[in-house]
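As the structure is a prediction and not an experimental result, all values here were calculated from the model.
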Amino acid sequence: MTATSSRAWLIYALVTVVLWGIWGAFSGLSPHRGFPETLVYCVWALTMIPPALVVLAQAGWKLDRTPRAVAYGLAIGLLGAGGQMLLFYAVARGPAYLIFPVISLSPVVTIALSALLMRERTGRLGAIGIVLALLALPTFDFATGSAGGSSLTWLVPALIVMLCWGVQAYFMKAANHVTSAESIFVYMTISGLLLAPVAWAMTDFTAPINWGWDGPGLATVIQSLNAIGALSLVFAFRYGKAILVAPLANAGAPLATALLSLAVLNVVPGPLKTLGIGLALVASLLLALEPDASDTQQAGTT
């Protein structure tokens with residue numbers, strides 16, 4: 001493996017960070033303008049179709065139909081989409097500023113599974129970067145305030161979402177050992193579409209819904225960033241270690257969102273979030289600088 005190909009994971013991971021960072025900064029615009037989050041999910045599922053068709057065409061329209069490929073692909077898609085659906089339930093019953101820090105710890109699950117089941121290891125820089133990323137994650141969406149309702153009504157669903165997305169990232173890496181990234185993403189798209197009728201049924205159509213451009217139209221633009229970022233993440237896991245990709249993507253995206261909020265949305269972070277921005281920046285740099293095992297082995301043979 002050449003140094004260029006061995007670093008492909010970093011390029012794809014950074015693309016995910018940028019796209020998801022922009023998506024995170026603007027994802028709340030559609031619901032705030034009267035387009036329900038359940039319908040935003042339906043739009044997101046539809047935006048997965050164009051990139052899925054593009055990568056499938058690049059693969060010569062060859063879709064891996066082996067039982068393992070189908071099982072992995074549908075599991076990855078259902079864990080991601082099911083977690084998103086459960087997130088709607090949690091957010092409706094608890095404070096988002098407490099729910100999202102819980103969910104953002106999903107890399108802990110990925111790292112634990114990758115270390116235990118795949119025996120993945122990283123060097124000193126990578127280890128420090130992982131620790132800093134995990135320390136940074138809870139700070140981005142934390143804010144002081146009073147939580148409404150019983151904590152169990154939102155905490156348990158939030159923990160389940162964290163587990164779903166952590167296991168999803170692990171499966172995403174494991175699946176790349178048995179099938180193509182193109183097939184994985186196509187099955188992710190199919191899984192998302194399968195749950196779209198559920199999201200539609202959850203929508204309260206008795207309430208006013210904004211069907212104008214700044215409703216579904218704006219949601220389409222914003223959710224397309226999510227879909228393309230998800231595709232980049234699949235390829236990042238294809239070329240890189242899950243133990244590095246997961247913390248980089250999950251720390252870098254909130255970092256990009258925070259910076260965009262500062263520059264565009266005129267949101268000034270508090271001291272805790274500012275600390276998180278610094279930790280995530282250092283973590284991202286350390287993870288980017290950590291050499292892959294293939295690079296180290298190649299250097300040792302030259």
Side-chain angles (χ1 to χ4, degrees), residues 16 20 23 27 37-53 55-56 63-92 99-100 102-114 117-118 154 156-203 223-224 226-238 242 245-246 249-250 253:
T16 299
W20 280 4
W23 165 75
S27 60
E37 289 185 345
T38 48
L39 294 183
V40 172
Y41 174 90
C42 295
V43 170
W44 166 78
L46 293 174
T47 60
M48 294 281 284
I49 296 176
L53 292 176
V55 296
L56 192 59
L63 180 64
D64 191 345
R65 297 182 178 88
T66 61
R68 292 185 69 185
V70 174
Y72 266 124
L74 292 179
I76 292 168
L78 290 174
L79 283 168
Q84 186 68 47
M85 295 291 294
L86 194 57
L87 180 59
F88 295 150
Y89 177 91
V91 171
I99 292 172
F100 281 96
V102 173
I103 296 172
S104 69
L105 292 174
S106 62
V108 175
V109 179
T110 307
I111 291 169
L113 290 174
S114 299
L117 301 180
M118 288 186 181
W154 61 264
V156 173
L159 289 171
I160 296 175
V161 175
M162 182 194 73
L163 289 173
C164 284
W165 289 356
V167 175
Q168 180 203 32
Y170 168 76
F171 279 160
M172 199 176 291
K173 177 58 181 178
N176 274 289
H177 293 305
V178 299
T179 188
S180 67
E182 293 83 0
S183 293
I184 293 173
F185 190 78
V186 169
Y187 286 121
M188 286 175 61
T189 302
I190 293 173
S191 300
L193 290 170
L194 288 175
L195 289 182
V198 179
W200 183 273
M202 291 172 60
T203 305
Q223 296 306 314
S224 293
N226 185 312
I228 299 173
L231 176 60
S232 298
L233 185 62
V234 171
F235 279 92
F237 278 110
R238 176 181 183 178
V245 174
N250 286 277

_Distance (rounded to the nearest 0.5 Å) between Leu231 CG and Ile184 CD1_ = 11.0 Å
*asked:* Ser183: which residues meet the side chain to side chain donor-acceptor pair (under 3.5 Å) condition with it, sequence neighbours left out?
replied: Ser180
*asked:* Per the salt bridge (charged side-chain N to carboxylate O under 4.0 Å, His left out) rule, what does the pair list look like for residues 181-194, sequence neighbours excluded?
replied: Glu182-Arg238
*Indicate the atoms forming the closest heavy-atom contact of Ser232 with Thr16, along with that distance.*
CB-OG1, 3.2 Å
_Gap separating the SG atom of Cys42 from the CE atom of Met202, nearest 0.5 angstrom_ = 10.0 Å
*Can you sort out the partners of Thr38 under side chain to side chain donor-acceptor pair (under 3.5 Å), two or more places apart, ordered by chain and number?*
Thr203
I'd like a table of donor-acceptor pairs (distance under 3.5 Å, sequence neighbours excluded) in which one partner is a side-chain atom from residues 189-196, with atom names and distances.
| residue | atom | partner | partner atom | Å |
| --- | --- | --- | --- | --- |
| Thr189 | OG1 | Phe185 | O | 3.0 |
| Ser191 | OG | Leu74 | O | 3.4 |
| Ser191 | OG | Tyr187 | O | 2.9 |

*State, with a plain yes or no, whether a side-chain heavy atom of Leu39 is found less than 4.5 Å away from one of Val43.*
no
*asked:* How close do Val161 and Gly83 get, counting heavy atoms only, and between which atoms?
replied: CG2-O, 3.4 Å
*If you round to the nearest 0.5 Å, how far is CE of Met162 from CD1 of Ile160?*
10.5 Å
*Do you know which two heavy atoms are closest between Ala52 and Val186, and how far apart they sit?*
O-CG2, 4.0 Å
_Set of residues satisfying side chain to side chain donor-acceptor pair (under 3.5 Å) with respect to Asn226, sequence neighbours excluded_ = Trp44
*asked:* Test of understanding: with side chain to side chain donor-acceptor pair (under 3.5 Å), list the residues that count as partners of Thr179, not counting sequence neighbours.
replied: Asp64
Using distance only, find each side-chain donor-acceptor pair of residues 166-174 under 3.5 Å and give its atom names and separation, not counting sequence neighbours.
| residue | atom | partner | partner atom | Å |
| --- | --- | --- | --- | --- |
| Gln168 | NE2 | Ile76 | O | 3.1 |
| Lys173 | NZ | Phe237 | O | 2.9 |
| Lys173 | NZ | Gly240 | O | 2.7 |

*Calculate, to the nearest 0.5 Å, the distance between atoms OH and OG1 belonging to Tyr72 and Thr66 respectively.*
11.0 Å
